[in-house]
2 protein chains.
Amino acid sequence: MNEGIFKAMSDSTRRKIIELLKEGPKTAGEIANHFSFAQPTISRHLTVLKNANLIVDQKDGNFIIYRLNTTILQEWLGWIFEHFGGGDSDEKE
Amino acid sequence: MNEGIFKAMSDSTRRKIIELLKEGPKTAGEIANHFSFAQPTISRHLTVLKNANLIVDQKDGNFIIYRLNTTILQEWLGWIFEHFGGGDSDEKE
DNA sequence: TTATAATATAGCTAAATTGCTAAATAGTAA
DNA sequence: TTACTATTTAGCAATTTAGCTATATTATAA
């Protein structure tokens, strides 16, 4: 359930895409222009993010606009904090 | 720099190991007993976590005791929150 | 229609990952 | 020493990943 998100987040290019989309929605091309990889490579990264439900796409004429799925991202952050945040039993040492 | 941590965290077995170690230090064998994978498989997962600096080991006679590197884990959580948490520019829509 | 533009999909390769079993290592105990 | 126990390391196979180029798809523009 979270597996796809963790996998998606484990790649630094995809993390950069997420950060880009935090600034606001962007077309696939705009996103690709931020990187020096071939366009299809970025397209596939976008697909991974989309399959993880972290981003959402919307056709606009010739373009495809991607935007963050803020809800999922926040839920993921919440899950992470629940599981890994907070104290551990070794705090007194 | 964070890359190793994200990769380490992208595997669910390793995430479970982290959660186990949140309860307190455990020997490699104790950790392995929580899973149905072969013991060397778990040993390698431990190596991945160790290389990511998320856990620390300490010899104790015949045993090797692993414990969480709480500091690194907290730093990672902080980094994640900085980069992915907080508002996005689409909040008003 | 034909051409162009934006994007995705297909198909390939190299490298990394994850599992396994078998063997090596290191410490304890007889 | 010898044997036993805990663990890692080596080496292998199957799968996944991430990149590429070439091609297909879809929409706009001429």
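Chain letters run A, B, ... following the sequence lines, proteins first and then strands; every chain starts at 1. Computed from a predicted model, the values in this text were never measured in an experiment. Note that these values count all heavy atoms, side chains included, but never hydrogens, waters or copies made by symmetry.
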Checking D/dT8, C/dA8, C/dG19 against the side chain of A/Gln39 (C-beta onward), the nearest is C/dA8

Which of D/dC20, C/dT9, C/dT21 is nearest the side chain of A/Thr47? It is C/dT9

When rounded to whole Å, the CG to C1' distance for the pair A/Asn51 and C/dA8 reads 13 Å

With the side chain defined as heavy atoms from C-beta on, B/Phe37 is closest, among C/dG19, D/dT21, C/dT18, to C/dG19

Taken to the nearest whole Å, CD1/B/Ile17 to P/D/dT7 is 13 Å

Here the distance between atom C1' of D/dT5 and atom CG of B/Asp60, to the nearest Å, is 14 Å

Between CD of B/Gln58 and P of D/dA6 the distance, given in whole Å, is 18 Å

Checking C/dT18, D/dA6, C/dA22 against the side chain of B/Pro40 (C-beta onward), the nearest is C/dA22

Checklist entry - Is the base of D/dA18 touched by the side chain of A/Arg44 through a donor-acceptor pair closer than 3.5 angstrom? => result yes

So, A/Phe81 versus A/Trp76, ring centres under 6.0 angstrom or not? no

Heavy-atom closest pair (B/Arg15 atom, B/Met9 atom, distance to 0.1 Å) is NH1-O, 2.7 Å

Margin query: Quick check on C/dT18: is either OP1 or OP2 less than 4.0 Å from any side-chain nitrogen or oxygen of B/Thr41?
Written below: no

Check your understanding: Reckon A/His45 has a side-chain N or O less than 4.0 Å from the OP1 or OP2 of D/dG19?
Key -> yes

For a quick check of understanding: with a heavy-atom distance under 4.0 Å over all strands, which category does A/Ala28 fall into, base, sugar-phosphate or nothing?
sugar-phosphate

Does D/dT8 have OP1 or OP2 under 4.0 Å away from a side-chain N or O of B/Tyr66?
yes

In short, A/Leu46 meets A/Ile17 closest at the heavy-atom pair CD2-CG2, 3.9 Å

Here the distance between atom P of D/dT9 and atom CD1 of B/Ile42, to the nearest Å, is 15 Å

Closest of D/dA18, C/dA26, D/dT26 to the B/Asn62 side chain is C/dA26

Minimum side-chain heavy-atom gap B/His45-B/Asp11 below 4.5 Å
yes

Per side-chain contact (heavy atoms from CB on, under 4.5 Å), A/Ile55 is matched among A/Lys50, A/Arg14, A/Arg67 by A/Lys50

- Message: Is it the case that the side chain of B/Asn69 and the backbone of B/Asn53 share a donor-acceptor pair, with hydrogens and angles ignored and the cut-off at 3.5 Å?
- Response: yes

For a quick test of reading the model: is some side-chain N or O of B/Ser43 closer than 4.0 Å to OP1 or OP2 of D/dT8? yes

**Request:** Check whether any side-chain nitrogen or oxygen of B/Thr27 sits under 4.0 Å from OP1 or OP2 of D/dA6, and answer yes or no.
**Result:** no

The answer to which of A/Gly61 and A/Lys7 contacts DNA chain D further toward the 5' end, by nearest nucleotide, is A/Lys7

Rounded to whole Å, the CD1-P distance (B/Ile64 to D/dT5) equals 17 Å

Atom CZ of B/Phe63 and atom P of D/dC4 are separated, to the nearest Å, by 17 Å

Whole-Å distance, B/Leu49 CG to D/dT8 P, equals 12 Å

### Query
Looking only at side-chain N and O atoms, does A/Arg14 come under 4.0 Å of OP1 or OP2 in D/dA18?
yes

